[in-house]
*Asks:* 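Have a look at this one before I ask anything.
Remember, it's 1-based here, ligands and their atoms both numbered in the order they're listed.
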Amino acid sequence: MNEVQNPKKPFYYYYGIVFIFIFLFNALLLPQIAKRAVKEVDYGTFMKMTYDQEIGEVEIQDNQILFTNKEGTSVYKTGLVQDPGLTERLYDNGAAFSSEIVEEMSPLMSFFVGWILPMIIFIGIGQLLSRQMMKKMGGGNSMMFGMGGSKAKVYVKSSQGIHFSDVAGEDEAKENLAEIIDYLHNPDKYKEIGASMPKGILLVGPPGTGKTMLAKAVAGEADVPFFSMSGSEFVEMFVGMGASKVRDLFKQAKEKAPCIVFIDEIDAIGKKRDGQIGGNDEREQTLNQLLTEMDGFEGNNGVIILAATNRPESLDPALLRPGRFDRRVPVELPDLKGREEILKVHARKIKLSEDADFGKIARMASGASGAELANIINEAALRAVRDGRTFVGQSDLEESIEVVIAGYQKKNAILTDKEKRIVAYHEIGHALVAAKQSNSAPVQKITIVPRTSGALGYTMQVEEGNHYLMSKEEIENKIATYTGGRAAEEIAFGSVTTGASNDIEQATKLARAMITRYGMSKDFDMVAMETVTNQYLGGDASLACSVETQTKIDTQVVELVKHQHEKAGQILLENKDKLDELAQFLYEKETITGEEFMEILNR
Ligand code: ADP
Ligand code: ZN
């Protein structure tokens with residue numbers, strides 16, 4: 001592995017580019033500029049100027065005449081014509097004869113125009129481009145673009161006073177990082193025993209779970225400088241820029257030690273090097289430089305590198321080996337308690353009314369990340385302002401969950417009467433099947449107001465607490481619930497619509513997972529037929545079995561979903577009168593709450 005490669009090469013590139021630029025400038029542009037300094041006029045003008053006594057100095061050359069105006073500010077030239085009395089006439093009209101009117105610029109001038117000016121222009125263009133690149137990347141910081149030696153300046157951001165108390169939940173991650181803080185406070189304690197801190201710590205988890213916040217909080221708690229850069233910021237237009245930025249980053253960090261260096265989205269540079277043709281040179285050089293820097297400083301020098309990623313499996317193994325990013329801190333989506341705490345942390349900033357119940361909101365927003373929860377609070381505050389209230393109430397919070405998760409209400413999307421009726425039956429179908437199966441979560445609210453996300457209706461289910469395990473029956477019931485919408489359409493209208501596409505997708509996903517990953521099929525026992533590749537980003541799975549088995553899997557998935565679909569239909573048929581009554585209610589009111597739903601159901 002060529003990890004310890006020094007990217008010297010690029011600097012020659014820059015010099016090369018500058019020289020080519022200057023050469024072209026001299027060859028093509030300079031003559032134009034030089035010529036323009038001498039104005040060419042016709043002989044008549046020359047004669048006229050002579051008679052008008054406007055000529056200062058004149059030089060008669062072999063094939064042309066050069067002359068200046070009286071003030072000597074501009075130089076003219078004209079062709080030579082047979083003109084016997086020329087010299088006398090010029091003398092009579094007060095022209096001075098000279099042999100020093102030069103067509104070319106003075107050497108100093110031409111050096112300036114030919115060499116210094118293009119260099120200034122070139123650097124100017126470079127600056128401009130790099131500024132624009134920075135802006136595009138959302139950096140907006142004071143990164144400098146220099147030539148060759150490239151003094152990329154990495155901004156030293158204060159930790160903005162973020163502390164662990166600002167990061168709610170994530171207790172395991174905090175515990176993990178507490179050691180680092182202790183070390184930064186008191187490195188001698190560790191040195192005495194001979195323990196060395198890990199140089200690099202990888203924060204791994206889905207987007208918006210607070211990885212950046214945690215890194216800042218470590219710096220805030222330890223009260224040390226915080227250097228932050230995003231992986232994508234390293235990858236620049238020119239090969240070699242990224243590597244020199246890494247070098248500068250570490251140089252500055254070492255000067256400011258003890259400190260925290262945070263690299264966000266490290267997968268942007270740390271992707272597995274595959275050695276393919278057309279591979280990304282710049283990225284690999286940047287990665288090499290990062291590895292070199294990490295090896296270069298001895299442990300215990302007080303620089304701790306934190307990096308964040310949501311794609312740990314795509315990282316280069318060289319990054320993860322001991323002595324580099326050898327410690328992994330998982331930062332998971334918050335559980336119920338975590339969600340409640342995050343809501344409370346963010347609610348500190350807003351004015352709340354008495355009725356706000358974060359426990360309920362947290363339960364409604366199951367699966368939401370910290371960033372989404374922060375967004376929910378903010379949307380609620382915005383809604384309160386829109387409605388001219390001075391406090392944020394529970395209804396604001398509930399509506400903003402729907403906004404964040406399902407999109408804004410689409411006020412001007414008009415469903416036809418028939419469509420509205422179908423959507424009402426569809427959504428009630430889901431809810432009724434869910435409610436009738438004891439293991440499914442009860443519904444919180446159903447609306448058939450179209451959303452900007454494209455959903456026509458929306459059923460919010462509430463989980464009573466956290467589920468870490470799901471039984472086979474629970475998953476089957478969930479599949480039945482997904483098919484309940486379609487089943488209701490079939491029963492009420494005898495035909496089907498496209499409205500169930502998302503349900504179909506979800507039901508299939510669950511059924512497949514049961515068979516290929518959870519060992520819940522009758523034939524495959526505890527054999528994994530699929531492996532999950534992208535755990536933190538949706539969890540794509542790839543099949544790992546023979547073609548024959550795939551066929552069997554497909555058959556079983558179809559069988560499973562079909563069976564649940566039939567079950568859902570059965571449940572709805574048995575409760576046909578309730579289905580009609582509830583659908584009518586929803587059709588008229590457009591929204592039905594969980595209590596109203598249960599009240600009608602149990603009437
Ligand atoms: P990541 O780096 O994991 O993508 P960030 O740290 O940038 O996520 O978090 C984005 C925002 O989400 C933060 O600015 C914060 O407002 C909110 N947030 C996320 N997790 C938490 C948490 N555990 N506690 C409080 N706020 C959080
Ligand atoms: Zn549906």
Side-chain angles (χ1 to χ4, degrees), residues 138 160 162-174 177 202-218 220 228 230-231 262-267 306-311 329-335 337-350 362 365 368-378 404 406 422-434 443 446-448 451 454-461 478-490 496-507 536-537 565 568:
Q160 294 172 344
I162 290 188
H163 290 271
F164 269 175
S165 57
D166 297 310
V167 187
E170 307 297 354
D171 292 333
E172 295 87 351
K174 282 192 217 166
L177 295 169
L202 200 59
L203 301 169
V204 177
T209 44
K211 298 184 288 295
T212 313
M213 262 191 118
L214 274 169
K216 282 184 189 161
V218 170
S228 152
S230 166
F262 178 64
I263 305 174
D264 206 356
E265 303 169 58
I266 193 165
D267 42 287
L306 298 178
T309 180
N310 37 39
R311 305 174 54 194
V329 175
V331 186
E332 302 284 355
L333 285 174
D335 58 8
K337 190 165 146 281
R339 289 200 295 275
E340 193 173 338
E341 280 169 13
I342 293 173
L343 285 170
K344 279 184 185 151
V345 163
H346 287 279
R348 281 188 215 148
K349 288 172 279 187
I350 61 170
S369 68
E372 277 167 333
L373 292 168
N375 199 6
I376 284 172
I377 296 282
N378 192 47
V404 170
I422 293 175
V423 174
Y425 266 95
H426 181 105
E427 296 302 329
I428 292 292
H430 284 306
L432 198 53
V433 173
V443 284
I446 309 170
T447 60
I448 52 171
R451 299 274 158 181
L456 295 178
Y458 178 61
T459 302
M460 188 188 287
Q461 298 197 353
K478 223 171 162 178
I479 296 175
T481 303
Y482 279 128
T483 60
R486 167 63 67 88
E489 288 180 41
E490 287 164 342
V496 295
T497 65
T498 53
S501 59
N502 186 44
D503 303 335
I504 291 170
E505 206 179 306
Q506 298 293 337
Y536 293 110
L537 292 174
H565 187 175

*Asks:* Show the protein residues that qualify under the rule heavy atom under 4.0 Å from an atom of ligand 1, listing them in chain and number order.
*Replies:*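 Protein residues near ligand 1 are Asp166, Val167, Ala168, Glu170, Pro207, Gly208, Thr209, Gly210, Lys211, Thr212, Met213, Ile342, His346, Gly370, Ala371, Ala374.
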*Asks:* Within the stated cut-off of 2.8 Å, is an N/O/S atom of Glu427 closer than that to the Zn ion (ligand 2)?
*Replies:*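 No.
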*Asks:* How long is the gap from CG on Leu306 to CG on Leu214, to the nearest 0.5 Å?
*Replies:*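 Leu306 atom CG to Leu214 atom CG measures 9.0 Å (nearest 0.5 Å).
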*Asks:* Do Ile422 and Glu489 make a side-chain contact, defined as non-hydrogen atoms from C-beta onward lying under 4.5 Å apart?
*Replies:*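 Touching, per the 4.5 Å side-chain cut-off.
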*Asks:* Vertex the Zn ion (ligand 2): angle to OD1 of Asp503 and NE2 of His430, to 10°?
*Replies:*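 The two atoms subtend 100° at the Zn ion (ligand 2).
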*Asks:* Could you tell me if the side chain of Arg339 sits less than 4.5 Å from the side chain of Leu373, heavy atoms only?
*Replies:*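 Touching, per the 4.5 Å side-chain cut-off.
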*Asks:* Which heavy-atom pair separates Asp166 from Arg348 by the least distance, and what is that distance?
*Replies:*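 Smallest interatomic distance, heavy atoms only, reads OD1-NH1, 3.5 Å.
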*Asks:* Is there side-chain contact between Leu333 and Ser369, with heavy atoms separated by less than 4.5 Å?
*Replies:*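 They are in contact (side-chain heavy atoms under 4.5 Å apart), so the answer is yes.
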*Asks:* Quick one: list whatever passes side chain to side chain contact (heavy atoms under 4.5 Å, CB included) with Ser230, sequence neighbours left out.
*Replies:*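 In terms of side chain to side chain contact (heavy atoms under 4.5 Å, CB included), with neighbours along the sequence ignored, Ser230 is linked to Ser232, Glu233, Asp264, Glu265.
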*Asks:* CZ of Arg486 to OG1 of Thr498: how many Å apart, nearest 0.5 Å?
*Replies:*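 Interatomic distance, Arg486 CZ to Thr498 OG1, rounded to 0.5 Å: 8.5 Å.
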*Asks:* Which of the N/O/S atoms in His426 sits closest to the Zn ion (ligand 2)?
*Replies:*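 For His426, the N, O or S atom at the smallest distance from the Zn ion (ligand 2) is NE2.
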